[in-house]
Number of protein chains: 4
Amino acid sequence: MSDYGPDDEIVHGGPVPVYVQIAGVLRARIKRGDWQPMRPLPGEQRLADEFGVARMTARKAVRVLADEGTVFVVPQRGAFVSAPDQPGSAGDGA
Amino acid sequence: MSDYGPDDEIVHGGPVPVYVQIAGVLRARIKRGDWQPMRPLPGEQRLADEFGVARMTARKAVRVLADEGTVFVVPQRGAFVSAPDQPGSAGDGA
Amino acid sequence: MSDYGPDDEIVHGGPVPVYVQIAGVLRARIKRGDWQPMRPLPGEQRLADEFGVARMTARKAVRVLADEGTVFVVPQRGAFVSAPDQPGSAGDGA
Amino acid sequence: MSDYGPDDEIVHGGPVPVYVQIAGVLRARIKRGDWQPMRPLPGEQRLADEFGVARMTARKAVRVLADEGTVFVVPQRGAFVSAPDQPGSAGDGA
DNA sequence: GTGGTCTAGACCACT
DNA sequence: GTGGTCTAGACCACA
């Protein structure tokens, strides 16, 4: 189930491609700590279902995060949140 | 199809360039709220068809609106109505 | 469906491990030409179904063939019949 | 029209993904000089037609070449053969 | 279940 | 005509 509300609305036909919007939502959740480092994101199909898009679109969103290093993809295992660059030393409240 | 009538007639061969006239019509529609902020304008081809002009003419009209900030253009995505500058401070009922 | 009959019967509880027996059957089919070089073997699930064994058993049988070079495994793609060692030096005419 | 023959056959269901095979064929043509630096490759749809695959598959092949730097893609213009690193000084027959 | 690949369509902006 | 995006299905190996 999703704990997410209107914050995560996806706009079709807008200036930002759907897959980029989804990548942004996922990125925000990761930074917010919803998904912890080394833990898997929901699978492509689940993301597609949640956002109401085709799997290929959800897949492209995950690829955006993988290309920027936010997550890493392990074939047949899932997409995992990368470890933060400098975990804990600054900026996170420690 | 268009919901617009004689109001939007374009005069060819007059003192005002056709693309400026079209820009004026589009600007009026936006201010009237026909097209909402963050939503796309019709594509160049559609505008060209509606006004009976060449694509380059429709393109120039959109550029006028972009230059004045009424719309913003996202390459490969289209032209989108800008958000109003400060919709709350004056004129909107606040 | 399988074109194979009693020839390929597997004996459980005998002196020869089931996966070795299955490897032998598969090896025979390859040598017989049932499966051509560079073509994929049936997937693990299909082999498991055909021989009435667990997926891990089918997997081990394929591994036997891979270890001896009869087939080669490409991750995420399957197991493929290897090209014959030196088909040209003798018997192929070149 | 294609001047290409059996050399460029694509195998479906083989150990190598179709889009990787196509990328290999295109790479070979570029190295062979069929397509000169700064000239465009055929469009995605043409490649798809030539190889008998979906456009998305041809697209992935081009992306492979773009990722490795063999070509560069200009949106709405095409994919262009990159300039060689050191054209002519070594390695090409010296 | 996962991600990887592939098909066969579609609409779009832009050139 | 180009590439960019998107849909809605599919089969597969692998765990």
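To find a chain, count down the sequence lines: A is the first, B the second, and so on, and within it residues start at 1.
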Applying the 3.5 Å cut-off to both distances, the Watson-Crick or G-U partner of E/dC14 turns out to be F/dG1

Name the nucleic acid region contacted by C/Arg46, choosing base, sugar-phosphate or nothing; use a 4.0 angstrom heavy-atom cut-off, strictly under. sugar-phosphate

So do the side chains of C/His12 and C/Val53 get within less than 4.5 Å of each other, counting heavy atoms only?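 C/His12 vs C/Val53: side chains touch.
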
In terms of the nearest nucleotide of DNA chain F, which residue is placed more toward the 5' end: D/Gln45 or C/Pro42? D/Gln45

Does a nitrogen or oxygen in the side chain of D/Tyr19 sit under 4.0 Å from OP1 or OP2 of E/dT5? yes

Reckon A/Arg59 has a side-chain N or O less than 4.0 Å from the OP1 or OP2 of E/dG4? yes

Distance-only, no hydrogens or angles: does the A/Arg27 side chain make a donor-acceptor pair with backbone N or O of A/Leu65 under 3.5 Å?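 It does not hold such a pair.
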
Please confirm whether the backbone N or O of B/Val16 pairs with a side-chain atom of B/Gln21, one donor and one acceptor, at under 3.5 Å? yes

State which of [options] makes the closest approach to the side chain of [X].
X: D/Val73; options: F/dG4, E/dC14, E/dC6; answer: F/dG4
X: A/Pro75; options: F/dC6, E/dA8, E/dG4; answer: E/dG4
X: D/Gln76; options: E/dT2, E/dT15, E/dT7; answer: E/dT15
X: A/Glu44; options: F/dC6, F/dA8, E/dG4; answer: E/dG4

Take D/Glu50 and D/Arg29 through the test salt bridge (charged side-chain N to carboxylate O under 4.0 Å, His left out) and record every step on the way to the result. CA-CA 14 Å; D/Glu50 183 196 344; D/Arg29 292 181 187 173; 2.7 Å; yes

Under 3.5 Å, is there an N or O donor on one side and an acceptor on the other linking the side chain of A/Arg55 and the base of E/dG4?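 Indeed there is one.
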
